[in-house]
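Heads up: the structure comes next, in structure tokens.
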Amino acid sequence: MSVYSADSTRSSGSVVAAHYNARPELGRERRNQSDIIGLRKYNNWVKNVLIGGHSRPGDCVLDLGCGKGGDLLKWNNAGISYYLGLDIAEVSVQQARERFRDLRNARFKAEFHAIDCFGTSIRPVVPPQFSADIVSIQFCMHYAFGTRETACQMLENATAYLRPGGHIIATIPNANWLVKKVRSVPDLTFGNNIYTVKFKSKDQFTGFGDAYSFALQDAIDDCPEYLIHLPTLEDLGRQYNLQLVKARPFHEFYRDYLDNPELVRLLYRMHVLGPNGESMSAEEWEAVGLYMAVVFRKYD
Ligand code: SAM
């Protein structure tokens with residue numbers, strides 16, 4: 001499915017669900033041999049830092065677009081007490097359930113449901129009295145930006161159960177980097193051996209429905225995604241009592257933590273950096289630029 005056939009006036013949920021439902025679970029061995037292993041490790045390190053920096057032991061977590069449960073171990077290490085994982089792709093949700101079941105020494109309770117978190121209210125699957133200390137939206141918020149309505153539904157779902165003072169941690173496409181990049185090439189496509197991005201236009205961006213097609217080796221084939229214009233997200237967030245407290249492109253993210261020995265050690269422990277300082281390929285480092293980390297705090 002190419003971006004050019006995606007109808008941005010409705011939620012592209014069914015297209016995206018079909019895409020993720022069809023993706024096989026690679027397994028640890030295949031993942032470790034992949035050409036994007038360094039990129040995956042860096043992305044995981046960023047998520048670890050966000051989780052560690054904004055959660056506290058005993059927290060209740062709402063994960064929108066939880067996928068196959070790739071962050072369950074991180075949440076276990078953070079010492080949370082409860083995790084509600086929601087995703088539109090049923091196959092992924094089932095894999096997340098299995099991953100939780102197989103987690104050794106899980107110290108929290110978890111529940112998983114297949115539901116569209118951007119096109120519908122999540123109320124039918126939220127347990128009574130549920131209150132989240134932290135909401136996580138990793139590498140999926142961009143699917144909500146097909147229309148203003150779906151972006152608002154995503155924020156409604158993200159904030160309705162978040163306690164005042166709680167945080168939303170998210171990793172989103174770096175729209176500035178993507179637009180700069182497409183404007184620097186003669187046509188509408190750019191990328192390298194591991195990723196390709198195709199735009200429809202270089203300058204007609206409206207804040208919603210700004211579609212591009214994204215392919216990443218061993219991860220995503222030509223899936224329709226939408227730019228997130230950060231000032232638009234920040235403005236919408238204010239309507240949902242959210243204050244943007246951090247926005248950092250992935251290329252710069254690590255610099256904020258170089259004086260934190262524990263997080264630098266984690267860079268080595270997670271094999272983002274090798275024992276001799278070696279790290280990911282130049283292609284992977286270029287692809288790191290695709291994303292940025294954002295954190296919102298709900299007003300007290
Ligand atoms: N958050 C996980 C992670 O970081 O490993 C998964 C990220 S994966 C790149 C994007 C996920 O967003 C997919 O699992 C997809 O099914 C989910 N997704 C996309 N649109 C969604 C929607 N409308 N509601 C819920 N989940 C959605």
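Ligands are counted one by one from 1 in listed order, and the atoms in each one are counted from 1 as well.
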- request: Indicate whether any N or O donor in one side chain lies under 3.5 Å from an N or O acceptor in the other, for D87 and S92.
  value: no
message: Regarding atom 27 (C) of ligand 1: of the candidates I88, D71, L72, V15, which has the closest heavy atom?
response: I88
message: For Q217 and D35, which I'm curious about, is there any donor-acceptor pair between the side chains at under 3.5 Å?
response: yes
message: Can you confirm whether or not the ring centre of F139 sits under 6.0 Å from the ring centre of Y291?
response: yes
Show me the side-chain donor-acceptor pairs of residues 117-126 shorter than 3.5 Å, one per line, residues at least two apart or across chains.
| unit_1 | atom_1 | unit_2 | atom_2 | d |
| --- | --- | --- | --- | --- |
| T120 | OG1 | D116 | O | 2.5 |
| S121 | OG | R123 | N | 3.1 |

task: Please work out whether any backbone atom (N, CA, C, O) or any side-chain heavy atom from C-beta onward of F139 is under 4.0 Å from ligand 1, and answer side chain, backbone, both or neither.
output: both
- request: State the atoms of ligand 1, each with its element, that fall below the 4.0 Å cut-off from a heavy-atom position in Q138.
  value: 1 (N), 2 (C), 4 (O), 7 (C)
query: So is K68 close enough to ligand 1, meaning a heavy atom under 4.0 angstrom away?
result: no
task: Examine ligand 1 and decide if any of its atoms is less than 4.0 Å from a heavy atom belonging to L64.
output: no
field: Validation row, ring centre F108 to ring centre F100 under 6.0 Å
entry: yes
message: Less than 4.0 Å is my threshold; does some heavy atom of G65 fall inside it relative to ligand 1?
response: yes
field: Close approach, G13 and ligand 1, non-hydrogen under 4.0 angstrom
entry: no
message: If you measure every N or O of S92 against every N or O of ligand 1, does any of those distances drop under 3.5 Å?
response: no
- prompt: Between the candidates T150, V16, N43, D87, which shows the shortest non-hydrogen contact distance to atom 13 (C) of ligand 1?
  reply: D87
- prompt: Out of D116, N157, L86, whose heavy atom is nearest to atom 23 (N) of ligand 1?
  reply: D116
- prompt: Is there a nitrogen or oxygen of C117 sitting under 3.5 Å from a nitrogen or oxygen of ligand 1?
  reply: yes
query: Taking 4.0 angstrom as the limit, do D102 and R99 come out as a salt bridge?
result: no
- prompt: Between I137 and ligand 1, which residue portion shows a heavy-atom distance shorter than 4.0 Å: side chain, backbone, both, or neither?
  reply: neither
Under 4.0 Å to a heavy atom of C66 - the qualifying atoms of ligand 1, by number: 2 (C)
query: If you measure from each non-hydrogen atom of F118 to ligand 1, which part falls under 4.0 Å: side chain, backbone, both or neither?
result: both
field: Test: E111 and R97 ion pair at under 4.0 Å
entry: no
task: State the atoms of ligand 1, each with its element, that fall below the 4.0 Å cut-off from a heavy-atom position in K47.
output: 3 (C), 4 (O), 5 (O)
query: For K202, does the NZ atom have more than 12 heavy-atom neighbours from other residues, nucleotides or ligands under 6.0 Å away?
result: yes
query: Are any of the side-chain heavy atoms of L178 and P173 separated by less than 4.5 Å?
result: yes
task: Measure from NZ or CZ of K246 to the centre of the six-membered ring of F253 and say whether it is under 6.0 Å with the direction within 45° of the ring axis.
output: yes
message: Suppose I only count heavy atoms of I115 and a 4.0 Å limit; which atoms of ligand 1 are within that range?
response: 24 (N), 25 (C)
message: Counting only nitrogen or oxygen atoms and a 3.5 angstrom limit, does Y143 reach ligand 1?
response: no
query: Does the ring centre of Y240 sit less than 6.0 Å away from the ring centre of F296?
result: no
